[in-house]
Amino acid sequence: SKDNPCFYLTSVTTNRLPVFRTDKLKEITAAALNEARKSAGILIFAYVIMPDHYHLITSGNRKPSEVLRFTNGITARRVIDYLKENNFTSSLEKLRQETKKREYKYSLWEHHPNAFLLTSETTFLQKVGYIHQNTVRAGLVERAEDYFYSSVRIWHSKPMENEPLTVDIDKIKWREA
């Protein structure tokens, strides 16, 4: 609602590289998003981790740029550290960018993430549905519930014991009916 706004966030990998193609990298990303949630003091209401991007709905107690600094910053650090530790040099090469000092750094994310303010329950629920059906539209699964790195099962009150990232739907402040 207008009293408790939320943000719908989309972050896309550099050049739409399918960085999160493996379950291990999706697992690292889910753990990083949970770490970002705790560090930033935000709530995560819905999510999906796709091969080349993620969608989140978060609480609006911080500016979108701050939420993205936490979510994208921590995720990038964890993913790039994993790639370095496991000698995935070809993957790192694709993320490498030259700086002005002729040094190199790695950039996981495009620098134009999408952030939309959600102020109505109708729009909020539309975005939750969009997030959860994204895997079906992309042809990754036939049923949204079959995609592991999504909050859809929690929203359908059928969570698995080993959900990769829990969501805070119990903390949503719905309007009085």
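Note that the structure is predicted; figures quoted are calculated from it, not measured.
- The structure places OG of Ser65 at 11.5 Å from CG of Asn72, a figure rounded to the nearest 0.5 Å.
- Linking Ile, Leu, Val, Met, Phe, Trp and Tyr residues whenever their side-chain heavy atoms come within less than 4.5 Å places Leu108 and Met50 in a single cluster.
- A salt bridge is absent between Lys38 and Glu35; no separation between the charged side-chain nitrogens and carboxylate oxygens falls under 4.0 Å.
- Considering all non-hydrogen atoms of both residues, Val136 and Ala144 come closest at CG2-N, 3.4 Å.
- No donor-acceptor distance shorter than 3.5 angstrom exists from the side chain of Tyr149 to the backbone of Leu165, with no hydrogens or angles considered.
- With hydrogens and angles ignored, the 3.5 Å screen pairs no side-chain donor or acceptor of Thr123 with any backbone N or O of Leu118.
- Two residues are said to be in side-chain contact when any heavy atoms from C-beta on lie closer than 4.5 Å; Arg37 and Thr166 meet this criterion.
- Taking a cutoff of 4.0 Å between a charged side-chain nitrogen and a carboxylate oxygen, Lys84 and Asp81 do not qualify as a salt bridge.
- Side-chain atoms of Leu9 and Asn114, non-hydrogen and from C-beta on, never get closer than 4.5 Å to each other.
- Atom CZ of Arg78 and atom CD of Glu27 lie 14.0 Å apart (nearest 0.5 Å).
- Leu25 and Tyr106 fall within the same hydrophobic cluster, defined by Ile, Leu, Val, Met, Phe, Trp and Tyr side-chain heavy atoms under 4.5 Å apart, directly or through other members.
- Note that OH of Tyr8 and CD1 of Ile131 are 5.5 Å apart. Values are rounded to the nearest 0.5 Å.
- Connection of Phe70 to Phe45 is not established within any shared hydrophobic cluster, with ILVMFWY side chains joined at heavy-atom distances below 4.5 Å, either directly or through further cluster members.
- The ring pair (Phe, Tyr, Trp, His ring centres under 6.0 Å) test with His55 is passed by exactly one of Tyr47, Tyr130, Phe7, Phe116: Tyr130.
- One hydrophobic cluster, built from ILVMFWY side chains closer than 4.5 Å, holds both Leu56 and Ile28.
- Between Trp155 and Phe124, the ring-plane angle classifies as tilted under the 30° and 60° cut-offs.
- The main-chain N or O of Tyr147 is found under 3.5 Å from a side-chain atom of Arg153 such that the two form a donor-acceptor pair.
- With sequence neighbours excluded, the residues that form a side-chain hydrogen bond (donor to acceptor under 3.5 Å, both in side chains) with Thr71 are Tyr54.
- Of the possible polar contacts, none joining the Ser151 side chain to the Ile154 backbone as a donor-acceptor pair under 3.5 Å is found.
- Atom CG of Leu17 and atom NZ of Lys94 lie 6.5 Å apart (nearest 0.5 Å).
- Ring pair Trp109/Phe20 is tilted by interplanar angle, where 30° to 60° counts as tilted.
- Proximity of a side-chain donor or acceptor of His132 to a complementary backbone N or O of Val152 within less than 3.5 Å is detected.
- Using modelled atom types, no side-chain atom of Thr14 and backbone atom of Leu95 make a donor-acceptor pair closer than 3.5 Å.
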Intermediate values then yes/no, side chain to side chain contact (heavy atoms under 4.5 Å, CB included), Lys158 and Glu145: CA-CA 9 Å; Lys158 296 177 183 175; Glu145 296 81 5; over 6 Å; no
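- Across every non-hydrogen atom of Asp170 and Val167, the tightest pair is OD1-O, 4.3 Å.
- For Arg62, the salt bridge (charged side-chain N to carboxylate O under 4.0 Å, His left out) test picks out Glu66, with sequence neighbours left out.
- No donor-acceptor pair closer than 3.5 Å links the side chain of Glu85 to the backbone N or O of Tyr82.
- The distance from atom OG of Ser150 to atom CD of Gln133, rounded to the nearest 0.5 Å, is 9.0 Å.
- When each of Leu68, Ile42, Leu33, Leu43 is checked for a side chain to side chain contact (heavy atoms under 4.5 Å, CB included) with Thr58, only Ile42 meets the rule.
- Here the OG1 atom belonging to Thr135 is positioned 12.0 Å from the CD1 atom belonging to Ile49, to the nearest 0.5 angstrom.
- Heavy-atom neighbours of Arg21 CZ from other residues, nucleotides or ligands within 6.0 Å: at or below the threshold of 12.
- A distance-only check finds a donor-acceptor pair linking the side chain of Glu110 to the backbone of Asn15 [under 3.5 Å].
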